[in-house]
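A quick write-up on the structure given underneath.
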Amino acid sequence: MRRGRLRVYLGAAPGVGKTYAMLDEARRRVERGTDVVVALVETHGRAGTAALLDGLEVVPRRTVEHRGTTLTDLDVDAVLARHPEIALVDELAHTNAPGGRHAKRWEDVEDLLAAGIDVVTTVNVQHLESLNDVARAITGVRQQETVPDAVVRRADQIELVDMSPEALRRRLAHGNVYAAETVDAALTQYFRVGNLTALRELALLWTADRVDDALEAYRTAHGISDPWPARERVVVAVTGGPETETLLRRGARIAAQSAGGQLLAVHVLRGDGLRGAPPDALARQRLLVEQLGGTWHTVVADDVAAAVLEVARGVNASRIVLGVTRRSRLAQALSPGVGTEVIRDAGDIDVLVVTHPHAGGRRFRRPPRRGTLTGRRRLLGWGLAVAGPPTLALALDAATTWDTLSIALMLFLALTVGVALVAGLVPALVAAALGGALSNVLFAPPVGTWSITEPRNALAIVVLVAVAVGVSAVVDLAARRTAEAARARAEADTLAATAAASLGGEDPAGAALEALREALRLRHVVAQRRAAPAAPWVDVATAHAPAAGAAPGAALDAAPGADPGAGPHDGPDDGPDDGPTEVPVTDALRLVLTGRTPPPHEVRLARAVGLQVEAVLERDALRVEAGTARAERERGAMRTALLAAVSHDLRTPLAAIKASVSALRSLGDAIPADERTALLGDAEHNADRLQHLVDDLLDMSRLDAGVVVPRRAPVALDEVVPAALAGVPEGAVDVDVPEDLPLVTVDAALLERALANVVENAVRYGGAPVRVSAGQVDDVVVVRVVDHGPGVPDDRKAAMFTAFQRLDDAPRGHGLGLGLAVARGFVTADGGTLDAEDTPGGGLTMVLTIPLDGGGA
């Protein structure tokens with residue numbers, strides 16, 4: 001059986017017309033004779049959408065009773081039994097009602113597709129899993145219902161239903177999206193122009209990426225290797241040299257000239273992994289690429305030009321940016337170079353060669369190659385190179401019975417190889433030259449002269465020198481590669497240690513510097529930052545060697561007023577310092593190394609570690625900014641909620657009090673006694689209600705400010721509970737608090753207020769009777785407030801204790817939604833806990849746990 005095809009109508013926000021477009025397509029297909037059924041469509045009371053259902057076959061929904069509410073949902077079994085050609089399933093990200101096949105509607109759609117049924121569905125961009133956090137940051141609302149991106153990306157067709165923010169707001173204002181009483185709130189909150197514009201951009205970009213994936217799949221399926229420049233993609237070949245920043249900025253400007261342009265930086269690492277640009281330079285350039293909005297790619301290959309072209313063709317690039325070569329004229333004459341090869345083989349890809357100040361002179365040079373041989377081995381090698389050939393010649397001259405020339409050549413070659421193994425290239429070249437000269441003078445006829453009568457003897461001597469030179473070069477190269485490999489491994493181990501140290505702990509930057517200090521055997525490493533080019537340097541992280549005789553891990557602190565780069569003296573046994581070495585990392589960060597002067601390769605390693613420290617400091621700064629922004633956002637949300645509460649919850653009792661007082665004042669004795677009593681009762685009731693609301697607001701502000709300081713004293717719980725129930729209607733609460741319970745050390749006023757809020761909340765939403773019971777469990781007293789009302793789902797229990805939250809987020813009510821938030825705050829301040837759990841048989845139980853000893857006291 002073939003798999004069904006999935007068609008998705010994607011929108012940026014509710015009301016753009018996804019369901020309308022889906023139903024319109026269904027009607028067209030029905031007119032063409034296609035078997036189409038409506039498996040599930042939500043009209044949300046929109047007359048225009050509901051009208052399109054006329055004439056379409058609708059599969060009955062399944063009905064579910066849940067917590068006293070009747071829910072309807074998609075009946076997958078009924079659709080499978082009907083088995084139409086096409087099924088319409090609205091709202092792909094919806095969470096199913098309990099009792100169905102799956103928890104999510106997209107899983108039901110997978111069953112329909114597996115059965116060979118084509119499905120047409122709808123989804124908003126904010127419901128895509130990868131964009132959920134982005135949408136929350138834009139709108140301030142987290143979508144609880146999401147669908148994996150892969151489900152939508154696998155769709156055979158995705159159609160974007162687009163609408164300008166202004167048009168959508170007009171549609172909303174005309175009542176074509178939501179009910180009239182909710183339009184004003186929607187326009188000022190979720191449906192602001194900025195929100196809609198950002199969501200629209202998200203939808204357009206996500207759809208563009210999906211279109212790009214489809215294009216790549218088509219090119220792959222049809223074997224098309226030539227680039228199709230549907231989008232400006234600029235590949236910049238990165239060498240790690242100083243010209244790279246110029247190339248990256250030029251490439252970024254080119255990519256920005258067209259909408260949706262992309263910048264890709266490609267660095268080719270040679271196969272041996274030993275020769276290349278300094279790691280700190282590459283780290284800085286990678287950071288620059290990220291700041292320019294591009295992506296960094298590292299490729300391992302021996303043919304640099306072929307690797308760059310392969311990446312460019314693989315990403316369907318339209319342009320390659322190269323820098324003018326830094327190679328000398330002689331090097332360019334011997335080999336064409338990477339730039340020439342890329343231009344020759346680029347085909348339809350444009351190649352831009354950018355000039356720069358470092359072109360043509362090879363001003364950027366790698367550090368000089370240094371051997372790793374010790375001074376003793378070099379001295380021995382030079383001794384063998386100078387004294388070895390004459391000694392060997394004298395010994396051979398004494399053996400007159402041998403064919404001395406052939407033997408001499410072989411022994412001189414062996415001696416040269418030995419010198420190369422001991423001391424490297426230059427001593428081996430000296431030994432080869434001396435061996436060739438002595439072979440010519442002492443053993444090649446005519447002996448005693450520089451003349452050679454037989455060509456074969458001349459050839460033998462030349463071969464001796466050539467082989468000696470070749471072997472010496474190979475031995476020297478092997479020694480240098482071994483040194484480079486050992487150094488690369490040591491640097492990698494150091495970078496891994498500093499990276500691991502920077503990931504955790506109380507002072508990750510200091511831990512990274514300590515790992516660097518130990519690896520380089522330094523006394524002190526100090527990271528310094530400055531706010532501006534002319535600003536003074538300030539220490540932000542330090543690592544000091546332990547003082548002489550100190551316990552392991554102890555460190556010296558710099559003396560006040562001392563040079564931060566010099567550091568204190570570490571004891572009489574320490575050698576003299578070479579002076580501080582300043583290692584610039586960025587314009588705003590430097591490292592100061594003290595203890596010895598590090599060689600160039602250690603300076604590069606220190607600079608790479610400095611970049612890690614910079615990243616750690618930036619991360620910490622961003623974390624602080626995020627915390628500040630979060631706190632400000634929460635304060636803003638509370639201010640908004642407070643204003644909303646004042647606009648209704650406080651105004652309502654004030655209006656009732658004013659109406660009662662105005663009636664009593666204007667009519668006076670003309671009002672019958674019973675009506676006057678009723679008006680006075682209403683005024684008193686609303687005044688009490690207003691007093692309760694104001695008390696909640698004041699209590700919440702005290703909790704937010706952190707000024708609630710409990711005055712704990714031993715109290716009897718059977719005295720606190722009756723006082724807390726004073727405002728509850730008589731008969732609404734059953735109390736079971738034993739008189740023999742031990743005393744609890746709490747602030748009686750805070751506990752009374754918390755318990756009163758919990759009980760009043762239970763009576764209001766759970767219905768009477770509410771049961772309050774208490775008992776001792778180990779070293780705590782547990783108070784349970786039990787109701788048998790509708791209860792609260794598990795995923796919403798935590799939100800109950802959030803300020804300004806009401807049952808079902810009702811916009812109207814008799815409170816500010818602060819009762820439980822204040823209650824938990826007071827209980828926590830008293831050292832206890834307040835949690836919610838289900839009541840057996842239905843309902844909600846609030847559990848107050850109070851330590852006997854006062855908890856946090």
Side-chain angles (χ1 to χ4, degrees), residues 208-209 212 216 225-271 273 275-327 332 336-366 586 608 611:
D209 287 339
D212 194 59
E216 286 300 311
S225 58
D226 295 334
W228 287 4
R231 179 189 295 192
E232 189 74 48
R233 288 187 178 87
V234 181
V235 171
V236 179
V238 175
T239 64
E243 79 283 358
T244 299
E245 294 186 3
T246 301
L247 303 184
L248 291 174
R249 290 189 171 92
R250 176 65 63 85
R253 289 196 297 270
I254 296 172
Q257 290 174 358
S258 63
Q262 293 180 345
L263 173 67
L264 301 95
V266 178
H267 175 65
V268 180
L269 185 66
R270 294 189 182 273
R275 301 173 58 189
D280 58 312
L282 293 177
R284 288 197 305 272
Q285 292 159 10
R286 180 193 292 266
L287 180 61
L288 176 60
V289 171
E290 294 174 354
Q291 292 172 347
L292 294 173
T295 57
W296 180 278
H297 305 268
T298 300
V299 181
V300 179
D302 293 324
D303 191 336
V304 177
V308 172
L309 288 171
E310 182 179 357
V311 172
R313 293 192 179 99
V315 300
N316 197 21
S318 56
R319 194 171 306 190
I320 298 174
V321 177
L322 302 173
V324 174
T325 181
R326 290 183 275 104
R327 303 165 69 235
Q332 295 181 53
V338 173
T340 302
E341 294 179 3
V342 170
I343 295 172
R344 181 189 63 203
D345 300 331
D348 293 336
I349 305 177
D350 295 337
V351 180
L352 176 64
V353 180
V354 179
T355 187
H356 52 84
H358 306 275
R362 192 162 182 86
R363 301 179 186 180
F364 169 67
R365 299 179 180 271
R366 295 188 178 91
T586 63
L611 289 172

Can you see which heavy atom on [X] is nearest to which on [Y], and at what distance?
X: V236; Y: G251; answer: CG2-CA, 4.2 Å
X: A317; Y: V235; answer: CB-CG2, 3.7 Å
X: V351; Y: A346; answer: CG2-CB, 3.5 Å
X: A237; Y: L247; answer: O-CD1, 3.9 Å

First locate atom [atom1] of [X], then atom [atom2] of [Y], and finally report the distance between them rounded to the nearest 0.5 Å.
X: L611; Y: T586; atom1: CG; atom2: OG1; value: 7.5 Å
X: L322; Y: L352; atom1: CG; atom2: CG; value: 8.0 Å
X: R286; Y: T244; atom1: CZ; atom2: OG1; value: 13.0 Å
X: R319; Y: I349; atom1: CZ; atom2: CD1; value: 12.0 Å

Enumerate donor-acceptor pairs with a distance under 3.5 Å from any side-chain N or O in residues 292-301 to protein atoms, sequence neighbours excluded.
residue : atom : partner : partner atom : Å
T295    : OG1  : H297    : NE2          : 2.9
W296    : NE1  : T298    : OG1          : 3.0

Side chain to side chain contact (heavy atoms under 4.5 Å, CB included) between D303 and E341, worked out: CA-CA 10 Å; D303 191 336; E341 294 179 3; 3.9 Å; yes

Min side-chain heavy-atom separation V268-V308 under 4.5 Å: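 V268 vs V308: side chains touch.
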
Beyond-backbone contact of V238 with L248, side-chain heavy atoms, under 4.5 angstrom: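 Side-chain contact under 4.5 Å: yes.
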
Pair I320-L309, side chain to side chain contact (heavy atoms under 4.5 Å, CB included): steps then yes or no: CA-CA 8 Å; I320 298 174; L309 288 171; 3.7 Å; yes

Results of salt bridge (Lys or Arg N to Asp or Glu O under 4.0 Å) for R249 - residues two or more places apart only: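 Only E245 meet the salt bridge (Lys or Arg N to Asp or Glu O under 4.0 Å) criterion with R249.
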
Intermediate values then yes/no, side chain to side chain contact (heavy atoms under 4.5 Å, CB included), L264 and V311: CA-CA 10 Å; L264 301 95; V311 172; 5.7 Å; no

Side chain to side chain contact (heavy atoms under 4.5 Å, CB included) between V353 and I343, worked out: CA-CA 9 Å; V353 180; I343 295 172; 3.8 Å; yes

